[in-house]
Amino acid sequence: MKGVLQIKGASGREKKAPKELESVLNQYFGYSGFRGKQLEAIEAVLSGRDCFCLMPTGGGKSMCYQVPALVKTGIVLVISPLIALMENQVASLKNKGIPAEFLSSTQASHTKQRIHEDLDTGNPSLKLLYVTPELVATSGFMAKLKKLYNRGLLGLVAIDEAHCISTWGHDFRPSYRKLSSLRKQFPDIPLLALTATAVPKVQKDVISSLCLQNPVILRASFNRPNIFYEVRYKDLLDDVYSDISNLLKSSGNACSIIYCLERAACDDLSMHLSQQGVSSAAYHAGLNSKVRSSVLDDWLSSRTQVVVATVAFGMGIDRQDVRIVCHFNLPKSMESFYQESGRAGRDQRPSRSVLYYGLDDRRRMEFILRNPKINKAQPSSSSNELSEKALADFSQIVDYCESSSCRRKKIIESFGEKVQPTLCQRSCDACKHPNLVSSRLEELRRVPNCRFNKISPVFQSSVKPAHLDTEFWNREDEASISAEDISDSDDGNEVVSNIAISKVPAKAGLDAKFKALERAENAYYQGKGWWPC
Ligand SMILES: Nc1ncnc2c1ncn2[C@@H]1O[C@H](COP(=O)(O)OP(=O)(O)OP(=O)(O)O)[C@@H](O)[C@H]1O
């Protein structure tokens, strides 16, 4: 084990020159220089300041607390939402000779005891301790932290995936709320909040919920220059399954993830890919944990090339060399799309994001989002507000697909970041093949969407609902459709679907509600003769 560099000084206020920090980075991690905002974040916490650090997926957030742990007096406490994530980081730190541990319910009691004994000594050997927010919320563990703090042995508290504290975030975790007491309990210990979530509202929420004091706010660019962005149009493809399997085969067995909206779609697509000779497996919450962990193991160790997954396959997936992330269905927002596609190329090497856009997928997602009953309830706003917000978020991703302008620019601008004209360098389909993308969009406009060819007599009558027009996806036309127009035309279906959903017991979960909705919706539209085609 390498000796850990111990630099004595008043807890929370240690200033290190960049050169010394660089030598720690090099000695322990083998990197020649800091990336993005890493150095600024490290210097902020070493000078005792609170810090909010926003870096994209794969940006290197963990270095912002791992390097301070090696130069700072005392222990760095890392709060992380996933045990798998903690296990991975601790294993990799131990490999580098850095004393790190995690505490969780999954550990053997003798291991926990050994860690607690170390914490109780006057001079613990640990430099990093990873815990869950649930553990921090217990009075027993808080008392232990207090003791460390009172002995001047708590150097920094890092809150990883800090967006989980926000009800506006996509991964809200109630136990994160309890972290708001940290600032009061440890008034002079720097808090470092780290996230890859780009939505400004979530950022503000994180800073105020954690009561960060005059924090240094660092935002790295959201541009992922090594990812090539592309949209393919399902309605223009003869066979979407063949298209996707050809894409995967031509990538030469590259490690890939395909996201689907529903479990059944994961099973179905994975089966098709396997039939077409692509090594793939489905992963979703409907599989038991044994199956899930063996799918994950096979994929992590390259025995399986492709995982076809719902968003259950997300945070904490620690594979750097994912070369392709496909979306087989439309994600629900630009934020989700960015997080999911961002799992490609965490090693900074060239990678691809391919989104399969389908007109039916769009209509279906809009229906789901319009229906507040199947959306996650959030305490601070009404269902209607939520539904409107969800639809507004969704319209950004629709716009991404339906536009012939630079995809990269669309993503980055959606997070409020200014974009340089030279940013893309032909690394999205719209910039690389502008004529092709424009002509595909033209073609798509002419697609007589199969549902509309089978419009029931009700809709063939005098007033055809505007959103059922074949030109419905023209943005200007659509902007003129009021919410009332849309809900009036779908009244019957909404009533039927609401009844179906209300019959599903609350504890059955979202998936059961989706299934009930799907059955009701299918029956309703089949009765009208125009769904599914
Ligand atoms: N300064 C650096 N130079 C080179 N590689 C680095 C540097 N900092 C971090 N890395 C590497 O970049 C990869 C991503 O780092 P890390 O896991 O910390 O990212 P992250 O921001 O936490 O990503 P995610 O949000 O996906 O968890 C890791 O392999 C890490 O070792």
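Indexing begins at 1, ligand by ligand and atom by atom, following the structure's order.
Backbone and side-chain nitrogen or oxygen atoms of Glu161 are examined, and none is located within less than 3.5 angstrom of a nitrogen or oxygen of ligand 1. By the 3.5 Å distance cut-off applied to N or O atoms, Met63 is not counted among the residues near ligand 1. Between Ala196 and ligand 1, a contact under 3.5 Å exists for no N or O pair. Residue contacts with ligand 1: Thr57 is placed with no nitrogen or oxygen under 3.5 Å of a nitrogen or oxygen of the ligand (distance criterion only).
Counting protein heavy atoms only, atom 18 (O) of ligand 1 is closest to Ser62 OG, 2.4 Å. Among all protein heavy atoms, the one lying closest to atom 8 (N) of ligand 1 is Gln38 NE2, 2.9 Å. Looking at atom 14 (C) of ligand 1, its nearest protein heavy atom turns out to be Gly58 O, 3.6 Å. Protein heavy atom closest to atom 28 (C) of ligand 1, with residue, atom name and distance, is Gln320 OE1, 3.7 Å. Atom 3 (N) of ligand 1 has Tyr31 CG, 3.4 Å as its closest protein atom, hydrogens excluded (heavy atom only). Looking only at heavy atoms of the protein, atom 12 (O) of ligand 1 is closest to Arg35 NH1, 3.1 Å. Looking only at heavy atoms of the protein, atom 15 (O) of ligand 1 is closest to Gly60 CA, 3.4 Å.
Ranked by closest heavy atom to atom 17 (O) of ligand 1, the top entry among Arg343, Arg346, Lys61 is Arg346.
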Steps toward salt bridge (Lys or Arg N to Asp or Glu O under 4.0 Å) verdict (Arg183, Asp50): CA-CA 10 Å; Arg183 184 63 298 156; Asp50 283 352; 2.6 Å; yes
Take His327 and Phe337 through the test ring-ring contact (aromatic ring centres under 6.0 Å, His included) and record every step on the way to the result. CA-CA 8 Å; His327 282 83; Phe337 172 65; 5.2 Å; yes
One pair to check against side-chain contact (heavy atoms from CB on, under 4.5 Å): Tyr176 and His163. What are the steps and the verdict? CA-CA 9 Å; Tyr176 262 72; His163 59 276; over 6 Å; no
Dump the intermediate steps for side chain to side chain donor-acceptor pair (under 3.5 Å) on Arg408 and Asn223, then the final yes or no. CA-CA 7 Å; Arg408 183 177 302 281; Asn223 185 24; 2.8 Å; yes
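Atoms of ligand 1 found under 4.0 Å from any heavy atom of Gly59 (numbered from 1 in listed order, with element): 19 (O), 21 (O). Counting the atoms of ligand 1 from 1 in the order shown, those under 4.0 Å from a heavy atom of Gly33 are 1 (N), 2 (C), 3 (N).
Geometric assessment of Lys146 against the ring of Phe186 yields a positive cation-pi assignment under the 6.0 Å and 45° thresholds. A cation-pi geometry, defined here as NZ or CZ lying under 6.0 Å from the six-membered ring centre and within 45° of its normal, holds between Arg407 and Tyr400. Both cation-pi conditions hold for Lys234 and Phe328: the charged atom is under 6.0 angstrom from the six-membered ring centre and inside a 45 degree cone around its axis.
Using 4.0 Å as the threshold, Ser32 has no heavy atom nearer than that to any atom of ligand 1. A heavy-atom separation below 4.0 Å is not found between Met55 and ligand 1.
At most 12 non-hydrogen atoms from other residues, nucleotides or ligands lie less than 6.0 angstrom from NZ of Lys409.
Neither the backbone nor the side chain of Gln348 comes within 4.0 Å of ligand 1, counting heavy atoms alone.
Aromatic ring orientation, Phe222 versus Phe415: tilted (interplanar angle from 30° to 60°). Classification of the Tyr65-Tyr130 ring pair by plane angle, with boundaries at 30° and 60°, yields perpendicular.
Between Lys61 and Asp160 there is no salt bridge, since no side-chain N of the basic residue sits under 4.0 Å from a carboxylate O of the acidic one.
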